[in-house]
Colleague: 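The following block contains the structure, expressed as structure tokens.
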Number of protein chains: 2
Amino acid sequence: MAQRVQNLRRAPTSVPMASALALSGRRWAFRIVWELRVGPLSFRALQAACGTISPSVLQHRLHGLRDRGIVERIPRLGYRLTASGERLFQVLTALDKWSVCLVKDSLQRDK
Amino acid sequence: MAQRVQNLRRAPTSVPMASALALSGRRWAFRIVWELRVGPLSFRALQAACGTISPSVLQHRLHGLRDRGIVERIPRLGYRLTASGERLFQVLTALDKWSVCLVKDSLQRDK
DNA sequence: AATCGGCGCTATCAAAAACGTAGCATGGAT
DNA sequence: ATCCATGCTACGTTTTTGATAGCGCCGATT
């Protein structure tokens with residue numbers, strides 16, 4: 001009934017989007033992309049940039065990001081974003097802007 | 001040295017952005033926002049829309065999203081996005097576009 | 001040649017998050 | 001009174017993440 005109407009209106013979440021959302025839902029995944037925005041970083045520099053990530057998880061994430069073609073490994077420079085990774089970074093830029101609006105709104109509410 | 005140069009160039013990840021990235025890194029968090037894009041959904045409808053999320057985690061996420069002012073609860077309608085939530089949805093729209101480009105690129109590579 | 005330090009990465013164990021399932025309480029419809 | 005859907009909690013298991021230690025490699029220094 002009400003549910004049925006909504007099902008009619010809903011465009012179901014696409015497979016690529018579901019995959020992207022699943023990627024985003026792994027801890028540190030987007031943070032790693034974000035930290036690579038300034039250019040290539042070595043494994044250890046990346047670890048430091050993220051603050052407290054453990055090397056095993058970082059390794060996990062880098063594999064996942066490489067499998068998806070978001071990050072690539074450069075022999076003597078460490079890791080850097082691919083073209084797809086750069087475009088993801090653009091998306092994260094929008095998230096960055098949103099995040100500052102969000103805190104502004106929350107300060108507003110607390111008044 | 002090389003590291004030092006990068007530190008000079010790097011604008012450190014802001015607190016709001018780090019918080020947003022932490023939010024994104026919890027499983028289902030963005031997916032829930034995405035599923036709410038079409039309008040309010042009840043707890044169980046949301047659960048079904050996400051596919052396999054367990055009710056305890058959904059409950060967890062809804063609390064987190066409500067605390068941040070992204071989602072609100074409407075007495076007889078369930079949950080819906082706030083104004084901030086709608087703006088986050090706009091960001092996710094960019095992610096959606098990116099996700100289809102990503103799979104196109106990966107198909108390209110496999111040729 | 002020997003030492004050293006930084007590097008990428010693995011191993012291991014502990015803690016936390018997420019899952020799957022069952023079920024309770026409520027409130028409206030029959 | 002009964003039924004049913006809903007929001008949500010409880011609980012035991014599995015998965016993920018965390019913290020720490022340390023290995024093998026390589027290039028620079030002495």
Side-chain angles (χ1 to χ4, degrees), chain A residues 1-7 10 18-36 38-68 70-81, chain B residues 1-7 13 18-36 38-68 70-81:
Chain A
M1 336 145 87
Q3 201 178 359
R4 177 176 219 141
V5 170
Q6 276 168 343
N7 283 337
R10 148 169 277 115
S19 166
L21 288 169
L23 172 68
S24 92
R26 323 221 84 175
R27 210 167 293 178
W28 300 110
F30 278 7
R31 174 71 181 255
I32 288 168
V33 173
W34 185 247
E35 296 300 340
L36 286 175
V38 288
L41 285 181
S42 72
F43 186 92
R44 276 173 133 104
L46 200 44
Q47 193 180 354
C50 288
T52 64
I53 190 175
S54 69
S56 42
V57 175
L58 178 55
Q59 184 66 2
H60 244 112
R61 292 297 165 272
L62 287 172
H63 267 119
L65 292 169
R66 289 211 274 169
D67 288 348
R68 292 168 191 253
I70 296 168
V71 158
E72 61 191 349
R73 192 190 155 131
I74 309 299
R76 316 207 143 267
L77 285 176
Y79 297 89
R80 81 168 167 205
L81 299 180
Chain B
M1 345 162 64
Q3 202 178 355
R4 178 176 218 139
V5 170
Q6 275 168 343
N7 282 338
T13 298
S19 166
L21 288 168
L23 173 68
S24 92
R26 324 221 83 174
R27 208 168 293 178
W28 302 109
F30 278 7
R31 174 72 181 253
I32 289 169
V33 173
W34 185 247
E35 296 300 341
L36 287 175
V38 288
L41 285 181
S42 71
F43 186 92
R44 275 173 134 103
L46 200 42
Q47 193 180 355
C50 288
T52 64
I53 189 174
S54 70
S56 41
V57 175
L58 178 54
Q59 184 66 1
H60 242 112
R61 291 297 164 275
L62 287 172
H63 267 119
L65 292 169
R66 287 212 275 170
D67 288 349
R68 292 169 191 253
I70 296 168
V71 157
E72 62 191 348
R73 192 189 158 136
I74 309 300
R76 315 207 143 267
L77 286 175
Y79 298 89
R80 80 167 169 207
L81 299 180

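Every chain is numbered from 1 and lettered A, B, ... according to where its sequence line falls, protein lines coming before strand lines.
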Colleague: Below 4.0 angstrom from OP1 or OP2 of D:dC26, is there any side-chain N or O of A:R76?
Modeller: no

Colleague: With the side chain of A:R27 defined as its heavy atoms from C-beta on, choose the nearest nucleotide among D:dC8, D:dG18, C:dC9.
Modeller: D:dG18

Colleague: Would you mind reading off the distance between A:I32 atom CD1 and D:dT17 atom C1', rounded to a whole angstrom?
Modeller: 13 Å

Colleague: Among the candidates D:dG7, C:dC9, D:dT17, find the nucleotide nearest to the side-chain atoms of B:Y79.
Modeller: D:dG7

Colleague: State, with a plain yes or no, whether a side-chain heavy atom of B:W28 is found less than 4.5 Å away from one of A:L21.
Modeller: no

Colleague: Using a 4.0 Å heavy-atom cut-off, does A:S56 contact any base of the nucleic acid, only the sugar-phosphate backbone, or nothing at all?
Modeller: base

Colleague: Compare all side-chain heavy atoms of B:I32 with those of B:Y79 and state whether any distance is below 4.5 angstrom.
Modeller: no

Colleague: Look at the side chain of B:S54 and decide which nucleotide, out of C:dG8, D:dT17, C:dC19, has an atom nearest to it.
Modeller: C:dC19

Colleague: Verify the contact: side-chain N or O of A:Q59 to OP1 or OP2 of C:dG8, cut-off strictly under 4.0 Å; return yes or no.
Modeller: no

Colleague: Between C:dA17 and B:W28, is there an OP1 or OP2 to side-chain N/O distance shorter than 4.0 Å?
Modeller: no

Colleague: Relative to the 5' end of DNA chain D, which residue comes earlier, A:H60 or B:G78, by the nucleotide with the nearest heavy atom?
Modeller: B:G78

Colleague: Under 4.0 Å between a side-chain N/O of A:R26 and OP1 or OP2 of D:dT16, yes or no?
Modeller: yes

Colleague: What's the CD1-P distance between A:I74 and C:dG8, to the nearest Å?
Modeller: 13 Å

Colleague: How many Å lie between CZ on B:R80 and C1' on D:dG7, as a whole number?
Modeller: 18 Å

Colleague: Could you check whether any side-chain N or O of B:R27 sits under 3.5 Å from a backbone N or O of B:I53, counting only pairs where one atom can act as donor and the other as acceptor?
Modeller: no

Colleague: Considering only side-chain heavy atoms of B:R44, which listed nucleotide, D:dC8, C:dC9, D:dG7, is closest?
Modeller: D:dG7

Colleague: Rounded to whole angstrom units, what separation is found between the CG atom of B:L77 and the P atom of D:dT6?
Modeller: 13 Å

Colleague: Mind checking the OG-CZ spacing from A:S42 to A:R80? Nearest 0.5 Å is all I need.
Modeller: 15.0 Å

Colleague: Atom CG of A:L58 and atom P of C:dT10: how far apart are they, to the nearest Å?
Modeller: 11 Å

Colleague: What's the separation between atom OG in B:S56 and atom CZ in B:R61, rounded to the nearest 0.5 Å?
Modeller: 9.5 Å

Colleague: I need the CD-P distance between A:Q47 and D:dT17, as an integer number of Å.
Modeller: 16 Å

Colleague: Return the nearest nucleotide to the side chain of B:P55; candidates are D:dA19, D:dT9, D:dT17.
Modeller: D:dT9

Colleague: Between C:dG8, C:dC19, D:dT6, spot the one nearest the side chain of A:S42, thanks.
Modeller: C:dG8

Colleague: From CG of B:L62 over to P of D:dG7, roughly how many Å is that when rounded to an integer?
Modeller: 10 Å

Colleague: Separation of A:I53 atom CD1 from C:dC9 atom C1', in whole Å?
Modeller: 14 Å

Colleague: Verify the contact: side-chain N or O of A:R61 to OP1 or OP2 of D:dG18, cut-off strictly under 4.0 Å; return yes or no.
Modeller: no

Colleague: From B:L41 CG over to B:I74 CD1, what is the distance, rounded to the nearest 0.5 angstrom?
Modeller: 12.5 Å

